[in-house]
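Working notes, structure below.
Whatever order the structure lists them in is the order used to number ligands and atoms, beginning at 1.
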Amino acid sequence: MAEGQSQESPKLQVEAAGKAFEQEFERFQRFTGDSAHAVHLSLREAEAEQRSLAELRTRHFGRKSALAACKKLIGRVSPDERAAFGQMVQQLESTLGQQLEHAEQALSRLVESARTERESIDVTLPGRRPRQGHLHPITLLRERIEDIFVTLGYAVEDGREIETDFYNFDALNIPQNHPARAPQDTFYTTDGFALRSQTSTVQIHAMQRRGAPVRMIAPGRVFRRDTPDPTHNPMFFQVEGLCVDRGISMAHLKGTVAEFLRRMFGAKTVTRFRPSYFPFTEPSAEFDFSCFKCAGQGCRICKNSGWIELGGSGMVHPHVLRAAGIDADEFSGFAFGLGIDRMAALMYSLDDIRLLFENDVRFLEQFG
Ligand code: DAH
């Protein structure tokens, strides 16, 4: 205790100690006063208040506090004043002590409840709904095509994306010097292997594995060395179809393709065949169907022709049957192939086929 202070009247010193406490303690009154229930603190705030209250206690109740000094004074005041003075000091100590204790209790309750609040889970809150994904538009279309052919009695075949020369070319009646073998047509990997440029390769696998009769479709990816533009992509999807049995004729081909397109685009859909050439079919034909948008009247989608070109087809070439180990004198068959992405682009009026491969969810979300 400073010398000067000890000269002051002991009573004044006690009063001063009380006042100093009251002044600092005032801001903690809100935790014990009438409106204490309305006080709401975050855990961090409540803990900070708790710390400053602990500091306040040290300042006013510690060994170096004004109160401690007053207690020491008790022995020094004149004996006739001592009892009264002692009581005064004790009185101060107990009032301040009570106030402090109340505030400390209130604050520790606040800290407790802030802690519980932070850790509690409100079970009545709605959960976070997992975002539901959906299939890619090409997959959706592929599945529709598969469904139609499965109901017509076709199996769905899985093919390989990397093929040997035999399946890609030789077996499909594409001889060594045929232009379809040109390096710019597909991607060659190591010698003798190439990414398949058409799903027709699966015809050979299917006939080898299943023999005849056979009815199958083979959807899948194909690759060509095309520069991407709004109507080309170096990777795209096709569906191949093959039906081999005794007595299969062009009539079966036409009936099957027409029925498929009616189920796909509506009962009024008309199909037409145009003579064409493919190495693996003889005779060969390309097929078109009446525009699903304008029903043949002519519109933007069918470029005013009323028709949409869809794929190639024909009677399986005897060379192909034989290459796959089928007796071409006993069996005949038809085959067809069409592009799924081209069909998707038309159905969804996409002006750029590459949208289907960019995997931009803002685009894909529209097909959910
Ligand atoms: N593979 C041909 C292409 O990619 C399409 C095709 C034409 C498939 C005639 C066939 C077919 O099965 O018989 O252009």
Side-chain angles (χ1 to χ4, degrees), residues 142 145 149 152 154-157 159-161 163 165-175 178-182 184-187 194-208 212 214-226 231-245 248-258 260-261 271-289 308-321 323-324 326 328 331-343 353:
R142 191 199 76 211
I145 297 170
F149 278 103
L152 293 177
Y154 283 68
V156 180
E157 279 280 341
R160 301 164 191 185
E161 291 175 3
E163 277 294 5
D165 276 351
F166 175 75
Y167 291 98
N168 228 2
F169 304 119
D170 301 281
L172 287 169
N173 202 29
I174 301 172
H178 194 283
R181 289 202 177 203
Q184 65 267 27
D185 270 355
T186 185
F187 298 95
L195 296 184
R196 67 176 178 192
S197 55
Q198 51 188 359
T199 45
S200 304
T201 51
V202 191
Q203 290 186 28
I204 311 300
H205 289 291
M207 287 190 280
Q208 282 182 333
V214 60
R215 272 199 298 271
M216 68 91 195
I217 59 160
R221 264 175 234 275
V222 299
F223 308 84
R224 288 185 197 172
R225 275 196 51 181
D226 275 331
T231 54
H232 294 87
N233 201 57
M235 186 279 295
F236 56 102
F237 288 84
Q238 287 189 332
V239 184
E240 192 77 13
L242 172 73
C243 170
V244 177
D245 206 337
I248 294 293
S249 72
M250 196 84 181
H252 297 110
L253 166 64
K254 290 176 103 174
T256 305
V257 171
F260 160 64
L261 290 169
T271 309
R272 84 175 175 187
F273 286 80
R274 288 175 286 111
S276 185
Y277 169 80
F278 298 101
F280 31 86
T281 44
E282 181 59 37
S284 303
E286 282 174 68
F287 54 90
D288 311 333
F289 65 103
I308 292 175
E309 295 177 11
L310 192 59
S313 65
M315 299 307 293
V316 182
H317 199 291
H319 287 173
V320 176
L321 293 174
I326 305 254
F331 291 98
S332 58
F334 67 77
F336 58 88
L338 52 94
I340 308 185
D341 358 42
R342 227 184 80 75
M343 206 155 143
I353 207 162

**Item:** Residues I353, F236; criterion side-chain contact (heavy atoms from CB on, under 4.5 Å); working and verdict
**Value:** CA-CA 10 Å; I353 207 162; F236 56 102; over 6 Å; no
**Asked** Once you round to the nearest 0.5 Å, how far does CD1 of I145 lie from CD1 of I217?
**Response** 7.5 Å
**Fill in**
Taken to the nearest 0.5 Å, the spacing of L195 CG from R160 CZ works out to 14.5 Å
Can you list the atoms of ligand 1 that are under 4.0 Å from a heavy atom of [X]?
X	answer
T281	13 (O)
Q238	3 (C), 4 (O)
G314	13 (O)
Q198	1 (N), 2 (C), 3 (C), 4 (O)
S200	1 (N), 8 (C)
F278	7 (C), 9 (C)

**Ring centers of F336, F149 separated by less than 6.0 Å** = yes
**Prompt:** So, do F169 and H178 have ring centers that fall under 6.0 Å from each other?
**Reply:** no
**Request:** Determine whether any heavy atom of F280 lies closer than 4.0 Å to an atom of ligand 1.
**Result:** yes
**Message:** On a heavy-atom basis, I'd like to know which of Q203, R224, E240 is closest to atom 4 (O) of ligand 1.
**Reply:** R224
**Prompt:** Is R274 salt-bridged to D288, cutoff N-O under 4.0 Å?
**Reply:** yes
**Prompt:** So, are D341 and R221 salt-bridged, with charged N and O less than 4.0 Å apart?
**Reply:** no
**Request:** Determine whether the side chain, the backbone, both or neither of A335 has a heavy atom under 4.0 Å from any heavy atom of ligand 1.
**Result:** both
**Request:** Just let me know how F336 lines up against ligand 1, side chain, backbone, both or neither, with a heavy-atom cut-off below 4.0 Å.
**Result:** backbone
